[in-house]
Amino acid sequence: MNKMKSNNRDIGYRNGEQCFSSIAEKLVPGGDALFRLDGKVVFVPSVLPGEEAEISIVKSGKKFSRGRLVSLKTESEKRVEPFCPLYGKCGGCNMQHIDYSEQLLFKTSFIREHFSRFAGAELPGDFSFAPSKPRGYRNRVQFHSSPEGPGFMKRAANSVIPVQQCPVLVPALNRFLEAGVPLTTERETCFGTEDQYWTGTESKDITLEILGRSVSFCSNQFFQSNLSLLPELISYVTDFCIGGGTQGNSAPSGHAMDLYSGVGLFSVFLKDYYSEITGIEMNPETEPYYRKNMSGSSFEFFGQSMEKWLKGNGGRQADFAVVDPPRTGLSEDVVKFLVKMAVPRLVYVSCDPVTQARDTKALLEGGYLIDSARGFDFYPHTSHMESVVRFRRDG
């Protein structure tokens with residue numbers, strides 16, 4: 001405790017805020033730096049481990065407090081100049097002040113920590129993040145309405161900052177911003193490519209070519225937000241397939257399941273390996289797109305939640321399964337189903353490593369083994385993480 005206190009110094013009030021000088025201990029999941037003021041944890045954005053900073057407390061809690069950076073007294077060699085003029089004001093990116101290669105190392109350590117804590121298991125030693133192109137990567141985004149035009153929510157505030165150009169968006173979405181067209185709703189999701197954009201209110205059909213295959217979806221439906229990393233993600237999933245098909249240089253055979261399938265992004269490629277595919281997605285509006293994407297293949301599609309589907313199905317054995325659930329992860333019933341089915345190969349795609357680690361613990365206790373794992377940096381310069389764990393079931 002004495003050592004902690006020696007790093008902290010009350011430097012009085014500035015502009016009505018009580019300020020302290022202290023050294024950041026580490027970066028935590030979420031992107032904030034952890035400080036200790038007289039033993040109490042304080043989370044502060046935009047600071048790196050080892051940096052000495054003047055900070056102020058903006059919200060005090062019983063277990064921890066939140067602060068803001070007033071000024072830096074020393075700078076880490078990992079710090080870089082943010083490339084966006086709105087960084088720190090806009091609520092989007094929160095890691096632009098960190099060298100991109102270091103961002104990936106921090107995220108790797110975050111996920112390892114989650115699995116150690118919540119799964120009681122260590123990820124393979126070669127676990128790492130597949131990098132994205134750091135700028136102009138984002139294809140799907142939610143804009144908010146303001147009197148000055150579309151924009152993003154401000155950081156730590158319930159108001160909108162109008163934006164005319166965002167360096168992480170693809171060119172077509174920036175053209176939408178530059179036009180300054182008022183939104184017809186309070187917030188609107190838009191999807192764009194290099195050349196074209198679509199708004200969610202238009203409900204337009206979109207068809208993209210990914211790894212030589214056409215994939216269709218609607219502009220108001222969820223789809224991956226970083227097309228540049230999709231080929232690598234899809235390959236990581238399908239490289240784990242077993243049996244015939246492309247990998248075995250023979251006709252596809254066996255049965256694969258695509259749970260939380262959306263419009264069938266993974267199913268489109270699983271049909272190269274398996275002769276029968278089952279897709280399950282709780283949003284029934286995806287069905288016409290799933291059927292279009294799977295045209296000419298042998299498949300079943302169920303437009304219902306996994307929990308509802310399990311009440312009347314679940315008895316058919318699968319040779320392979322991929323799950324891509326929402327942030328809440330897998331329900332207890334779905335975990336029990338996967339354990340009972342004992343799928344020889346299971347791939348778990350997640351946008352929340354905490355719930356993924358929690359579910360991993362249950363799968364390991366049910367007899368699965370971690371074969372390999374990898375992170376995919378779909379959202380550079382933010383603390384959001386996408387991770388994939390490949391499980392096998394021996395015997």
Side-chain angles (χ1 to χ4, degrees), residues 3-4 6-11 14-15 17 19-37 40-59 64-114 127-138 152-157 161 163 165-169 226 353 375-386:
K3 183 177 180 181
M4 293 295 183
S6 67
N7 287 332
N8 308 322
R9 184 166 57 89
D10 188 336
I11 56 177
R14 293 186 179 179
N15 298 321
E17 295 179 332
C19 296
F20 300 84
S21 177
S22 187
I23 297 175
E25 289 187 20
K26 66 176 184 177
L27 209 66
V28 298
D32 290 347
L34 184 150
F35 289 82
R36 293 184 194 270
L37 299 181
K40 186 176 183 179
V41 169
V42 182
F43 296 115
V44 182
S46 302
V47 184
L48 285 166
E51 292 184 327
E52 184 176 0
E54 293 182 4
I55 62 174
S56 66
I57 306 301
V58 296
K59 185 176 182 181
F64 62 88
S65 298
R66 295 200 175 276
R68 74 173 185 88
L69 172 64
V70 177
S71 66
L72 284 173
K73 302 186 72 175
T74 63
E75 289 192 5
S76 168
E77 61 182 13
K78 300 172 184 177
R79 176 176 289 275
V80 296
E81 186 68 24
F83 53 81
C84 178
L86 294 179
Y87 184 68
K89 300 176 183 178
C90 173
C93 298
N94 65 340
M95 297 181 79
Q96 272 190 31
H97 62 288
I98 308 173
D99 177 78
Y100 184 54
S101 62
E102 293 294 332
Q103 291 181 34
L104 300 181
L105 294 178
F106 279 124
K107 291 182 179 183
T108 297
S109 68
F110 295 159
I111 292 186
R112 286 191 179 280
E113 181 180 333
H114 289 326
F127 175 81
S128 64
F129 265 83
S132 166
K133 60 179 183 179
R135 305 191 196 187
Y137 69 82
R138 185 146 187 168
F152 299 118
M153 298 300 294
K154 292 182 180 179
R155 180 181 291 189
I161 181 170
V163 178
Q165 203 274 342
C166 174
V168 303
L169 298 184
N226 186 337
F376 292 84
D377 197 30
F378 274 87
Y379 303 99
H381 313 300
T382 79
S383 53
H384 297 296
M385 295 177 284
E386 191 102 359

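Closest approach of Ser383 to Gly30, counting heavy atoms only: OG-O, 3.3 Å. The two atoms that bring Thr108 and Ser128 nearest to each other are OG1-CA, 4.1 Å, heavy atoms only. The minimum heavy-atom distance between Arg155 and Pro45, with the atom names listed, is NH1-CB, 4.1 Å. The two atoms that bring Ser46 and Leu69 nearest to each other are O-CD2, 3.8 Å, heavy atoms only.
A heavy-atom distance below 4.5 Å is found between the side chains of Pro167 and Gln165. Put simply, the side chain of Ile23 does not reach to within 4.5 Å of the side chain of Lys73, judged on heavy atoms. Counting heavy atoms from C-beta on, the side chains of Phe127 and Ile111 come closer than 4.5 Å. Here the side chains of Ser65 and Lys59 are not in contact, with every heavy-atom distance at 4.5 Å or above. A 4.5 Å side-chain heavy-atom check between Leu48 and Phe106 finds at least one atom pair inside the cut-off. Annotation: side chain of Glu54 is not in contact with side chain of Phe20 (no heavy-atom distance under 4.5 Å). Under the 4.5 Å side-chain criterion, counting only non-hydrogen atoms from C-beta, Glu102 is not in contact with Leu104. Under the 4.5 Å side-chain criterion, counting only non-hydrogen atoms from C-beta, Arg36 is not in contact with Ser22.
With a 6.0 Å radius and a threshold of 12 heavy atoms from other residues, nucleotides or ligands, Lys133 has its NZ atom above the threshold.
Taking the six-membered ring wherever Trp is involved, the centroid distance between the rings of His381 and Phe83 falls below 6.0 Å. Aromatic pair Phe376/Phe129: ring centres not closer than 6.0 Å.
A cation-pi contact, defined as under 6.0 Å to the ring centre and within 45° of the axis, is absent between Arg138 and Tyr379.
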Before giving the answer on side-chain contact (heavy atoms from CB on, under 4.5 Å), spell out for Phe378 and Ser132 the whole-Å C-alpha distance, their side-chain angles and the decisive distance to 0.1 Å.
-> CA-CA 7 Å; Phe378 274 87; Ser132 166; over 6 Å; no
Check the pair Gln96, Cys84 against side-chain contact (heavy atoms from CB on, under 4.5 Å), reporting the backbone distance first and the verdict last.
-> CA-CA 8 Å; Gln96 272 190 31; Cys84 178; 3.5 Å; yes
Apply side-chain contact (heavy atoms from CB on, under 4.5 Å) to the pair Met385 and Phe110, showing each step before the final yes or no.
-> CA-CA 9 Å; Met385 295 177 284; Phe110 295 159; 4.0 Å; yes
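Asp377 and Tyr100 share a donor-acceptor pair across their side chains, judged by distance under 3.5 Å alone. Between the side chains of Ser21 and Glu52, at least one donor-acceptor pair of N or O atoms lies under 3.5 Å. Donor-acceptor pairing under 3.5 Å is lacking for the side chains of Thr382 and Asn94.
One distance of note links CD1 of Ile161 with NZ of Lys154; it measures 6.0 Å at 0.5 Å rounding.
Of the possible polar contacts, one joining the Glu51 side chain to the Ser76 backbone as a donor-acceptor pair under 3.5 Å is found. Side-chain atoms of Gln103 come within 3.5 Å of backbone N or O of Met95 as a donor-acceptor pair. Distance alone, capped at 3.5 Å, places no donor-acceptor pair between the Tyr137 side chain and the Val168 backbone. No donor-acceptor pair under 3.5 Å is formed between the side chain of Glu81 and the backbone N or O of His97.
Salt bridge Arg66/Asp32: present, at least one basic N to carboxylate O contact under 4.0 Å.
Tested against Leu27 for a side-chain contact (heavy atoms from CB on, under 4.5 Å), the candidates Ile98, Leu34, Val47 yield a single pass: Ile98.
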